[in-house]
Amino acid sequence: MAEVLIAGGGIAGVATALAVARSGHRVLVLERNAEFTELGAGIQLGPNAFRALDRLGVGEQVQAGAVMVEALSLMDGVTGQRITQLPLTGEFRERFGYPYAVVHRIDLYSVLLAACRSHKAIELRTDAPVRDYRCDGKEVSVTLASGEVVRGDALIGADGIRSTIRAQMLGDGEPRVSGHTIYRSVVPMESVPDRLRWNTVTLWAAPKHHFVHYPIAGGKFLNLAATIDNAATEVVSGRPVDRDLVLATFAHLPATARDFLHLGQEWRTWVLCDRDPVRRWNDGRVVLLGDAAHPMLQYAAQGACMALEDAVCLGDLLAEGDSDFTAVFERFTAERAERTGWVQEISRAIGEQVYHPAGVAAEERNASLGAHTLTDLLDLVDRLYREPVPSTR
Ligand SMILES: Cc1cc2nc3c(=O)[nH]c(=O)nc-3n(C[C@H](O)[C@H](O)[C@H](O)COP(=O)(O)OP(=O)(O)OC[C@H]3O[C@@H](n4cnc5c(N)ncnc54)[C@H](O)[C@@H]3O)c2cc1C
């Protein structure tokens, strides 16, 4: 039984801890913060995420706290007309075998964390910021900010978009600042009038901005997220922001969208970042996954879904019994980099071509998507939600 170190205890870190422990290894998760937790609000999970969660043994618990939304609706944020709608029941469920649902981020995380806590092969350590790593043919060690050295047989860098492990491994600098600013708010459902209790993920697409809303936490809250491409250059993460600024920024949305927006009382803001895809995620016994490997804009709602797929893929490879971590990590990268690179790219493209176009480009989007049949729409999302086919097994 090998000892696997994981730097970072976000969604990727705890999901991977579970997958690695279930493959028969001991795991030590090193989290820099004083507690294991998740910030932020709602998160959409595609069928691929629920398939992965089932494989990790926690699918039912996550589904229990999720809202099974009925449809994904795309609205024209200028005219107020519906462009298209993808029903998430019937044929969608038949084709993909798992639901599309929305959860509060902490609900997903808590289930994964509880499963880690009850697995005897997993140790969770807080206040343990990893400063750097050393790796040779036999073992790997990390130095914590305190100077303490921790040794293991392999290291997984699950330390997010500003990964310390990636910086040392690839040295490819800071993430790309997208220039897009997102404002988010969570509203108790008691304060939402009945006419606005829509059981859908609804997105209003308008020139250089869009607005999404959906219920979360078993329907107890409404999640609001409004994004504008305002060429922001400063990196911001979760800073409180004035409600009036949000309302003024999105004042030109149609009346119904504004009714939703006005429900938000306390708002926080982020400036979104991502990176170009890369094909190298490992350095001998050290490998990257989750946002450390493939950070993406949230427009395909797939960052966490990809991290869950990563965890399952790595667990499967380790379960095959190969004790050569370098070889396993090379196979993992070969299996995952193409798919996640494609999702990084389509996430940018969806923003430009579907959510933010103006004028003729917006009219063309409406005409094209509006003409799609249900089968066309299912075909469009097929590669995203279908089980990824392993390329090296
Ligand atoms: C606005 C927004 C909306 C999104 N919506 C969706 C969605 O609907 N669906 C979806 O699938 N995804 C969504 N995502 C993406 C998703 O949130 C991320 O892809 C996912 O949370 C990444 O998880 P992670 O564990 O890789 O990284 P993080 O969540 O960044 O976790 C990294 C962890 O590592 C720790 N850490 C960092 N450095 C160190 C160090 N040196 N030593 C030790 N610990 C360290 C951090 O404290 C943190 O706990 C969204 C993202 C954003 C910004």
Side-chain angles (χ1 to χ4, degrees), residues 5-17 28-50 52-53 69 72 100-106 108-109 112-113 124-133 142-146 150 155-168 175 178 180-184 201 203 212 214 216 223-227 235-238 268-275 288-311 340 343-344 347 384-385:
L5 310 178
I6 299 181
I11 291 170
V14 292
T16 305
L28 171 60
V29 184
L30 300 162
E31 166 56 45
R32 70 175 168 191
N33 288 333
E35 58 175 327
F36 282 89
T37 190
E38 268 285 314
L39 287 177
I43 192 163
Q44 303 177 51
L45 296 175
N48 55 324
F50 283 105
L53 289 163
V69 273
L72 302 179
Y100 190 108
V102 286
V103 296
H104 199 299
R105 194 174 275 265
I106 196 69
L108 165 66
Y109 186 74
L112 290 166
L113 188 65
L124 301 166
R125 252 185 89 173
T126 52
D127 296 309
V130 174
R131 199 175 61 196
D132 56 32
Y133 69 84
V142 296
T143 308
L144 305 185
S146 61
V150 182
L155 169 65
I156 296 167
D159 49 345
I161 189 166
R162 286 186 180 72
S163 164
T164 302
I165 307 299
R166 179 181 180 126
Q168 180 175 342
S178 69
H180 298 193
T181 303
I182 183 166
Y183 303 97
R184 302 165 90 191
V201 174
L203 187 144
V212 190
Y214 51 83
I216 52 170
N223 187 69
L224 308 175
T227 304
V235 177
V236 177
S237 182
R268 285 181 181 269
T269 183
W270 284 256
V271 171
L272 303 169
C273 298
D274 70 354
R275 287 185 187 274
L288 305 172
L289 52 66
D291 274 10
H294 44 69
M296 56 188 68
L297 298 183
Q298 88 279 21
Y299 300 153
Q302 279 289 319
C305 300
M306 287 295 125
L308 296 168
E309 283 189 8
D310 286 349
T340 56
V343 182
Q344 284 174 288
S347 298
L384 211 45
Y385 300 145

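Remember, predicted model here, so these are calculated numbers, not experimental data. Note that these values count all heavy atoms, side chains included, but never hydrogens, waters or copies made by symmetry. Order of listing sets the numbers, starting from 1, for every ligand and every atom in it.
- Note on ligand 1: A307 sits outside its first shell, no heavy atom being nearer than 4.0 Å.
- Between L224 atom CG and I216 atom CD1 the span is 9.5 Å, to the nearest 0.5 Å.
- Look at A128 and you'll find a heavy atom under 4.0 Å from some atom of ligand 1.
- Put simply, the side chain of R125 does not reach to within 4.5 Å of the side chain of E31, judged on heavy atoms.
- Scanning G8, C305, A158, A301 for the heavy atom closest to atom 32 (C) of ligand 1 points to A158.
- The shortest N or O to N or O distance between G290 and ligand 1 is not below 3.5 Å.
- Here CG of L289 is found 10.5 Å from OG1 of T340. Values are rounded to the nearest 0.5 Å.
- Of the protein's heavy atoms, R105 NH2, 3.8 Å lies nearest to atom 51 (C) of ligand 1.
- Here the protein heavy atom with the shortest distance to atom 40 (C) of ligand 1 is V130 N, 3.7 Å.
- Judged by distance alone, the side chains of Y109 and H104 never bring a donor and an acceptor atom under 3.5 Å apart.
- Among protein heavy atoms, the minimum distance from atom 9 (N) of ligand 1 is reached at Q44 O, 2.9 Å.
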Practice problem: Go through the steps for V130 and D159 under the test side-chain contact (heavy atoms from CB on, under 4.5 Å), then give the verdict. | Solution: CA-CA 9 Å; V130 174; D159 49 345; 5.9 Å; no

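- In this structure, atom 27 (O) of ligand 1 lies nearest to the protein heavy atom G160 CA, 3.6 Å.
- For atom 47 (O) of ligand 1, the nearest non-hydrogen atom from the set M296, R131, E31, E38 comes from E31.
- For the atom pair S347 OG and L272 CG, the distance stands at 11.0 Å (nearest 0.5 Å).
- For the pair R184 and ligand 1, a heavy-atom separation below 4.0 Å is found.
- When only non-hydrogen protein atoms are considered, atom 23 (O) of ligand 1 lies nearest to A12 N, 4.1 Å.
- Between Q298 and ligand 1, no pair of N/O atoms sits closer than 3.5 Å.
- Across the listed options R166, H294, R32, R32 owns the non-hydrogen atom lying nearest to atom 45 (C) of ligand 1.
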